[in-house]
Protein chains: 2
Amino acid sequence: MKPELRHLRYLLAVAEHANFTRAAEELRVSQPTLSQQIRQLEKALGVQLLDRTARAIRLTDAGSAYVHYARSALRDLAAGERAVLDVRDLSRGHLRLAVTPTFTAYLTGPLVADFHARHPGITLDVREMTQDRIEADLLDDRLDLGIAFAGDHLPGIEATALFTETLGLVVGPRHPDGQHPGPLPVAELGDHRLALLRGDFATRRHIDRYFAEHHVQPRIAVEADSVNALTEIVTRAPLATVLPDAVTHDHPQLTPIPLDPALPSRTVTLLCRRSTYRSAAARAFGHRAADWARTHDITSG
Amino acid sequence: MKPELRHLRYLLAVAEHANFTRAAEELRVSQPTLSQQIRQLEKALGVQLLDRTARAIRLTDAGSAYVHYARSALRDLAAGERAVLDVRDLSRGHLRLAVTPTFTAYLTGPLVADFHARHPGITLDVREMTQDRIEADLLDDRLDLGIAFAGDHLPGIEATALFTETLGLVVGPRHPDGQHPGPLPVAELGDHRLALLRGDFATRRHIDRYFAEHHVQPRIAVEADSVNALTEIVTRAPLATVLPDAVTHDHPQLTPIPLDPALPSRTVTLLCRRSTYRSAAARAFGHRAADWARTHDITSG
DNA sequence: GGTAGCTATTGAGCTCGTCTATAGTCGGGG
DNA sequence: CCCCGACTATAGACGAGCTCAATAGCTACC
């Protein structure tokens, strides 16, 4: 037979009181029970743990050696229970988050920084990937949360809307249209030279669809693979680009130019696997994201 | 309810296999049993430990946190069982030994050195005290073993004879009787000047009794409180002393002079508390002491 | 030698861990 | 679209063993 926690607790009590009767009282069991269980433990370990012949019960050498480890084991279990509470407190945990690339520019930064500031004990794994990949990884449980656009999701994916993202034409200080008086008719877009994200970005496809619908063929002067690159380019060159309004808010030197008609807006959603379980960290991040969206909607609308 | 070791083992198995059925097979229990026990553990801890909704079972944050401590606790218990075996192997342990003062000179040194060399993992506490004190401390369980003389012991003390110690007159190189031809009649002792242990030593009382029985009154020139002091004094001064033969064997510059009749010999015994339990260390020390006595008797007799 | 204070033993009772059988759930394939 | 296979959850019965009260056995002390 193997020792059980009961045996450890009983042994420690007897060792502490040097007395079976007293220990039994503290443990709220009868003294015969205690005698039997200690004997059982001794049999399980194959050694005498207590010297009962002296006036007061004393640990044998084997007993002292074992008691040390027994105490340690019980301490570990207590620590484990505290650790579990810590997780509930969000003072521990881990969150695997993925976003589609455009969000890195204006959403991931502030959101993750805020979350980390509130819950420094939760480790974060943030990565960029395509929306398809995000959904697949959520289903395979390689991710906890994703941020992407509303649309047709894979079965098993749960999507909750966060906010509405609107795209707009954006120019920098060196652009001749910097002080354009009113909304720019879409037909005039053909006159502009643009810097845009590459075609493998969902945002780019969204923009291309808009152009196609209005039969406009703008001149693409530059293609880049990050929003950051675009803002840098537009700040320094007389080019226009198309960016989420939120990005423009963060860059005072960028000027939004309304289009007529406006680009269709997209709904940004929080994605997760449909499941009964959601980690405390994931729930908390969801709340922070919703809060962020609320304040974002206020400033942008 | 509190978590039991069973719960820990079950949880670790499920976490490892990421599958209840497989884990149940390894644990040799039925799958329903495993489900029930894991659920019980989760209830005890107040958190969900496993995420059962994914394709493969996965630990939740709380689960990973707890598993860490569970592993640690089980490791501690395994270490405890090894430690217990170590004690049986004499690779751990502790021994509290007391000797009456004269033994320190020739017996404690070699015996303890030998024992320590064989069992370096056993810590030793060696002290000198009077025989009465040794027996009292044995009964109060403040000592494991004592070395003293046979005689009337306190009730509850168990004595096992080790060897017979004979005392003899001893002179150093500067003593005129250094080349004494034969045994020295006791009556002639009155001519000698002696260096002896002080009166509170059992050995001194033993010697005084011998003198009294033979109506001799030797001249005590020096009284010392250690055998070491006596050997040093006799080596350098033209004085005689009375020492155990074994001491003389260890000092080539000391010469034993037989007395006629010889001093009564005393039996050296190993003392311990009468009890069913004796530590492995104490048993081992007893054996080493008996061995030492055997070889000692050969060289001296 | 009797008594007080402990621990060990005994036999009955009942909790609870375990089992078998079965229902519920989720994906994947025809 | 429904069935099938793999897996986990639930239900009820059984039995091992923990626990208890009563008591015997032991040791020290007066």
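Here the structure is a predicted model, which is why all the values come from computation and not from measurement.
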(message) Whether B/Arg288 engages the ring of B/Phe115 as a cation-pi pair (distance to the six-membered ring centre under 6.0 angstrom, angle to the ring normal within 45°) should be assessed.
(response)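 Pair B/Arg288/B/Phe115 does not count as cation-pi.
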
(request) Considering only NZ, NE, NH1 and NH2 on the basic side and carboxylate oxygens on the acidic side, decide whether A/Asp208 and A/Arg204 come within less than 4.0 Å. (result) yes

(message) Quick check for you: name the first and last nucleotides of DNA chain C, 5' to 3', having an atom under 4.0 Å from a heavy atom of chain A.
(response)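 Contacts span C/dC6 to C/dT9, reading 5' to 3'.
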
(request) Compare all side-chain heavy atoms of B/His94 with those of A/Asp61 and state whether any distance is below 4.5 angstrom. (result) yes

Provide a list of protein-nucleic acid N or O atom pairs under 3.5 angstrom, restricted to nucleotides 25-28 of chain D.
| residue | atom | partner | partner atom | Å |
| --- | --- | --- | --- | --- |
| D/dA28 | O3' | A/Arg55 | NH1 | 3.0 |
| D/dA28 | O3' | A/Arg55 | NH2 | 3.1 |

Atom pair distance, as rounded to whole Å: [atom1] in [X] and [atom2] in [N]:
X	N	atom1	atom2	value
B/His17	D/dC7	NE2	P	12 Å
A/His7	D/dG17	NE2	P	11 Å
B/Tyr10	D/dT8	OH	P	16 Å

(request) Classify the nucleic acid contact of B/Glu4 as base, sugar-phosphate or nothing, counting any heavy atom under 4.0 Å across all strands shown. (result) nothing

(request) Can you measure from CZ (A/Arg278) to OG1 (B/Thr60) and round to the nearest 0.5 angstrom? (result) 14.5 Å

(message) Within this structure, what is the CG-CG distance for the pair A/Leu145 and A/Leu97, rounded to the nearest 0.5 Å?
(response)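 Here the rounded value is 6.0 Å.
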
(message) Closest-nucleotide mapping onto DNA chain D: is B/Arg52 or A/Gln40 further toward the 5' terminus? I mean the 5' end.
(response)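 Per heavy-atom nearest nucleotide, the more 5' residue is B/Arg52.
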
(request) Enumerate the residues from residues 22-36 of chain A whose closest heavy atom to DNA chain C is under 4.0 Å, giving them by residue number; use none for an empty result. (result) A/Arg22, A/Gln31, A/Pro32, A/Ser35

(request) Using the salt bridge (charged side-chain N to carboxylate O under 4.0 Å, His left out) rule, pick out the option among A/Asp137, A/Asp125, A/Asp144 that qualifies with A/Arg96. (result)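 The passing option is A/Asp144.
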
